[in-house]
Amino acid sequence: MAQRTVLAVLFDGVQSLDVTGPVEVFAGADLHSPGTYRIRTAALDGRPVRTTSGLTLVPDESLDTARDPDILLVPGGTGSLRPEPRLVDWVREHGPRATRLVSVCTGAAVLAAAGLLDGRRATTHWAYCDRLARDHPAVEIDPDPVYVRDGHIATSAGVTAGIDLALALVEEDLGRDVALTIARHLVVFLRRPGNQAQFSAQLAAQTAHREPLRDVQRHIAERPDADLSVTALAARARLSPRHFARAFRAETGMTPGRYVDRVRLEHARRLLEDTSDGIEEISRTSGYGTPEAMRRAFVKALGTSPAEYRRRFRPATTP
């Protein structure tokens with residue numbers, strides 16, 4: 001493969017991990033396959049920038065003199081929410097020239113301000129999806145996926161999702177084994193599929209205030225194969241089914257059924273990734289009962305079957 005240039009855009013208020021996460025992935029790929037990627041950083045006037053965590057990053061060059069890259073990476077951070085007009089103008093001019101235009105976290109706001117996401121599907125950090133949708137109604141915002149690819153433009157969710165997206169691009173260029181090797185070296189999840197939810201059910205839902213409801217949440221996580229109907233869960237909480245359903249949603253922000261669905265999906269996904277258990281056994285221990293029921297749940301939530309999910313995201317050998 002011919003060497004590809006990766007250019008990361010820097011600005012004051014950039015989130016440092018939005019830059020270093022993807023850069024480490026591409027750098028790891030270049031160590032594995034020398035000459036694959038050439039990584040550069042650039043900022044307006046070539047000046048050092050201050051990150052949101054207080055670190056100072058020194059760019060390799062000025063955006064004014066930077067050559068159009070193959071992969072243009074626009075990170076997020078507080079500085080991307082009200083980007084400098086000169087930065088927006090530069091991205092508007094040079095973004096369409098890149099083979100791949102990539103944003104991490106709220107870097108999508110810069111692409112949107114440049115008009116490059118109009119009529120496209122995109123995502124960003126879950127906390128800023130509503131704001132991006134309100135400020136840029138021509139953009140189709142999907143708040144759930146880890147990353148979204150629409151044509152040559154790829155947008156990713158918060159912070160570490162940039163690593164997932166970079167791994168996906170490396171896999172596309174160099175193959176699955178190289179991407180998995182880099183993921184293991186960085187000690188990160190071997191690669192979340194782009195349409196996986198941005199966070200788990202336990203993170204997506206709030207922890208209930210009352211102990212009976214917290215006990216129900218623990219019970220669901222520990223026993224996804226149990227009877228987790230509203231009637232059974234209400235009995236465990238010593239509430240009527242109607243009162244339980246209303247209280248659970250009020251305190252967690254999620255219906256009991258939706259919570260159970262997410263926990264079961266996550267449980268099955270982990271077993272597919274980390275074990276050699278058969279599909280039938282996993283469907284049973286995850287609470288689906290049958291392989292067909294689990295297949296329908298995977299297709300609906302992830303757009304793929306359990307067998308295909310395992311093929312793509314389980315390492316060929318256990319490290």
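When reading the values below, keep in mind they use all heavy atoms of this one structure, side chains included, and skip hydrogens, waters and symmetry mates. Quick note: residue numbers are just sequence positions, from 1.
- For R264 against P224, the heavy-atom pair with the smallest separation is NE-O, 2.8 Å.
- V91 is listed as a side-chain neighbour of L116, based on a closest heavy-atom distance under 4.5 Å.
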* Under the side-chain hydrogen bond (donor to acceptor under 3.5 Å, both in side chains) criterion, do T255 and R249 qualify, and how do the steps go? -> CA-CA 5 Å; T255 66; R249 181 167 189 171; 5.9 Å; no

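- In this structure, R310 and T275 have side chains that are in contact, with non-hydrogen atoms separated by less than 4.5 Å.
- Closest approach of P22 to L73, counting heavy atoms only: CB-CD2, 3.9 Å.
- Minimum interatomic distance between A8 and V19 (heavy atoms only, all atoms of both residues): CB-CG1, 4.3 Å.
- Ion pairing of E266 with R269 is absent here, as no side-chain N (NZ or NE/NH1/NH2) approaches a carboxylate O to less than 4.0 Å.
- Using a 4.5 Å cut-off on side-chain heavy atoms (C-beta onward), L87 and L44 make contact.
- Contact of the R262 side chain with the M254 side chain is registered, since non-hydrogen atoms from C-beta on lie closer than 4.5 Å.
- Checked for salt-bridge contact, E61 and R40 meet the test: a charged N lies under 4.0 Å from a carboxylate O.
- The side-chain heavy atoms of P143 and T123, taken from C-beta on, include no pair separated by under 4.5 Å.
- Look at D261 and R258 and you find no salt bridge, because none of the NZ, NE, NH1 or NH2 atoms lies under 4.0 Å from a carboxylate O.
- Counting only heavy atoms from C-beta outward, the side chains of D64 and D45 approach each other to under 4.5 Å.
- Aromatic ring orientation, H125 versus Y128: perpendicular (interplanar angle above 60°, classes split at 30° and 60°).
- At a threshold of 4.0 Å, the pair D130-R134 does not count as salt-bridged, since none of the basic side-chain nitrogens sits closer than that to a carboxylate oxygen.
- Between L169 and R100, some side-chain heavy-atom pair lies under the 4.5 Å cut-off.
- Shown here for P59 and P48, the closest heavy-atom pair between the two residues is CD-CA, 3.8 Å.
- Salt-bridge check for R120 with D118: failed, with every basic side-chain N at 4.0 Å or more from each acidic carboxylate O.
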* With salt bridge (Lys or Arg N to Asp or Glu O under 4.0 Å) as the test, would you mind laying out the steps for E211 and R236 before giving the verdict? => CA-CA 11 Å; E211 177 55 35; R236 186 177 184 88; over 6 Å; no

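- Taking CZ from R97 and CG from D70, the interatomic distance works out to 14.0 Å, rounded to the nearest 0.5 Å.
- Ionic pairing of R4 and D173 is present here: one or more N-O contacts between side-chain nitrogen and carboxylate oxygen are shorter than 4.0 angstrom.
- At a threshold of 4.0 Å, the pair E251-R246 does not count as salt-bridged, since none of the basic side-chain nitrogens sits closer than that to a carboxylate oxygen.
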